[in-house]
Amino acid sequence: MPVELRKRKAREPPAPPPVTKKAAPKATKAKAAAAAKVKAAKPAPAKKAAAKVEKKVEEEPKDDATEDEEKEEPKEEEPKQEEPKQEEPKEEPKKASKSGKVEVGDIIDLESFGAEIETNDGEKTTLKKLVDESESGVVLFTYPKASTPGCTKQVCFFRDAYEPLTAGGLAIYGLSKDSPKANTSFKEKQKLPYPLLCDPKQTLITAIGLKKAPSGTQRGVFVVDKKGKVLVAEAGSPQGTVDKVTALVEELAEK
């Protein structure tokens, strides 16, 4: 009998061994981690840039008009109340010394200075009243006795200079202890343009410091202004008394 040959099946080639993945070296792993961090950190610069842009926008100078609008309007200051001005202290009247003499620059109390006197016409008056009636002050020239040579010269010097002496507003008066009758006769005889005052008790003569002991009158001149300030107070000769008033008038005219 014929032998049947059986074909043998070919053996299948052995399966290739499984490929094992090599572990990445540690350095490679570190690089990968760093790359991952860089990727994660990349958006940050964008945020920073945006923040810078916003900051720049905030710092950009504003329009002058915008600044003016935003500035607070200045508050109107309340008007300060003016403080009341302090009045200058008034000069207090200076009392005459015991001798009765006053000095230039003294401020006398016209109300109580001297006492009542009388004009040659018999009219009662005071120094204050005479000053009030004057424009700028009063001139009193004293003489010892009416109708005597020296006194006649003196009253005539004042008579002849009357207009220039009174041009500035001063009022002129002669003063003695003579009676109204004696002084009226004296005034009329010498044609005097000013009144003569009678002070028989010598109250005003004493006050201006021109009383001569024991009961006489010293020749001299006394000038006081409207405020009671003594401008002249001194004894003198008939011509000297007129010259003193003339110098004062010129001095006042220059002011």
Side-chain angles (χ1 to χ4, degrees), residues 100-106 108 113-114 117-123 125 127 129-131 133-200 202-212 215-226 229-255:
K101 289 186 178 181
V102 290
E103 297 179 356
V104 173
D106 287 353
I108 61 173
F113 192 80
I117 50 178
E118 193 175 355
T119 67
N120 61 276
D121 291 330
E123 183 184 348
T125 189
L127 178 60
K129 187 178 178 182
L130 297 176
V131 171
E133 291 171 352
S134 72
E135 288 182 28
S136 60
V138 166
V139 175
L140 300 176
F141 69 88
T142 57
Y143 53 94
K145 189 172 179 62
S147 299
T148 56
C151 298
T152 299
K153 283 182 181 179
Q154 187 180 16
V155 297
C156 289
F157 287 150
F158 275 98
R159 176 197 65 193
D160 297 342
Y162 181 75
E163 287 187 11
L165 293 183
T166 57
L170 291 173
I172 294 178
Y173 296 90
L175 174 65
S176 73
K177 67 173 188 176
D178 293 298
S179 66
K181 184 179 179 180
N183 271 333
T184 297
S185 175
F186 191 28
K187 180 180 184 299
E188 290 176 353
K189 186 176 181 181
Q190 302 303 329
K191 298 179 182 179
L192 305 178
Y194 49 83
L196 297 178
L197 303 174
C198 309
D199 185 16
Q202 294 183 293
T203 54
L204 183 54
I205 292 170
T206 301
I208 64 177
L210 292 171
K211 181 182 177 180
K212 187 177 181 180
S215 59
T217 300
Q218 188 174 13
R219 195 187 311 281
V221 64
F222 177 84
V223 184
V224 62
D225 68 10
K226 297 282 283 185
K229 185 176 182 179
V230 178
L231 305 179
V232 176
E234 63 181 57
S237 64
Q239 185 65 59
T241 53
V242 179
D243 291 344
K244 190 65 183 179
V245 179
T246 301
L248 174 65
V249 169
E250 290 174 355
E251 181 184 337
L252 294 175
E254 290 175 0
K255 290 183 179 179

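Residue E163 qualifies as open at atom CD: its count of foreign heavy atoms under 6.0 Å is 12 or below.
At least one side-chain heavy atom of R219 sits less than 4.5 Å from a side-chain heavy atom of C151. A 4.5 Å side-chain heavy-atom check between Y173 and V138 finds at least one atom pair inside the cut-off. No side-chain heavy atom of I208 sits less than 4.5 Å from a side-chain heavy atom of L127. Put simply, the side chain of V221 reaches to within 4.5 Å of the side chain of V139, judged on heavy atoms. Contact annotation: the side chain of F186 never approaches that of N120 to less than 4.5 Å [non-hydrogen atoms, C-beta and beyond]. At a threshold of 4.5 Å between non-hydrogen side-chain atoms, the residues V224 and V102 do not count as touching.
The two residues G150 and P238 make their nearest non-hydrogen contact at O-CG, 3.7 Å. Between F113 and A207, the shortest heavy-atom distance links the atoms CZ-O, 3.2 Å. Here the closest non-hydrogen pair linking P195 and I172 is CD-O, 3.8 Å. Shortest non-hydrogen contact noted between Q218 and A235 is NE2-CB, 3.4 Å. Residues V131 and D225 come closest through the heavy atom pair CG1-O, 3.8 Å. Taking every heavy atom of both residues into account, L197 and N183 meet most closely at O-ND2, 3.6 Å.
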Apply the test side-chain contact (heavy atoms from CB on, under 4.5 Å) to residues V230 and I108: give CA-CA distance (whole Å), side-chain angles for both, the deciding distance (0.1 Å), then the verdict.
CA-CA 7 Å; V230 178; I108 61 173; 3.9 Å; yes
Worked check of side-chain contact (heavy atoms from CB on, under 4.5 Å) between F158 and V245
CA-CA 9 Å; F158 275 98; V245 179; 4.1 Å; yes
Take Q202 and S215 through the test side chain to side chain donor-acceptor pair (under 3.5 Å) and record every step on the way to the result.
CA-CA 8 Å; Q202 294 183 293; S215 59; 5.4 Å; no
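A donor-acceptor contact closer than 3.5 angstrom is absent between the side chains of Q190 and T152.
With T241 contributing its side chain and G236 its backbone, the two residues share no donor-acceptor pair below 3.5 Å. Without hydrogens or angle criteria, S176 side chain to Y143 main chain gives no donor-acceptor distance under 3.5 Å.
The OG1 atom of T125 lies 4.0 Å from the CG atom of L130; values are rounded to the nearest 0.5 Å. Atom NZ of K212 sits about 11.0 Å away from atom NZ of K177, to the nearest 0.5 Å. Once rounded to the nearest 0.5 Å, the distance linking CG of L170 with CG of L165 reads 8.0 Å. Between the OG1 atom of T217 and the CD1 atom of I205 there is a distance of 3.5 Å, given to the nearest 0.5 Å. Atom CD1 of residue I117 and atom CG of residue L204 lie 5.0 Å apart, to the nearest 0.5 angstrom. Here the straight-line distance linking atom OG1 of T119 with atom NZ of K187 works out to 9.5 Å at 0.5 Å rounding.
In this structure, F141 has its ring center under 6.0 Å from that of Y194.
Applying the side chain to side chain donor-acceptor pair (under 3.5 Å) test to residues at least two apart or on different chains, the pairs with a partner in residues 242-255 are Q239-D243. Judged as a salt bridge (Lys or Arg N to Asp or Glu O under 4.0 Å), not a single pair has a partner in residues 139-161 (not counting sequence neighbours).
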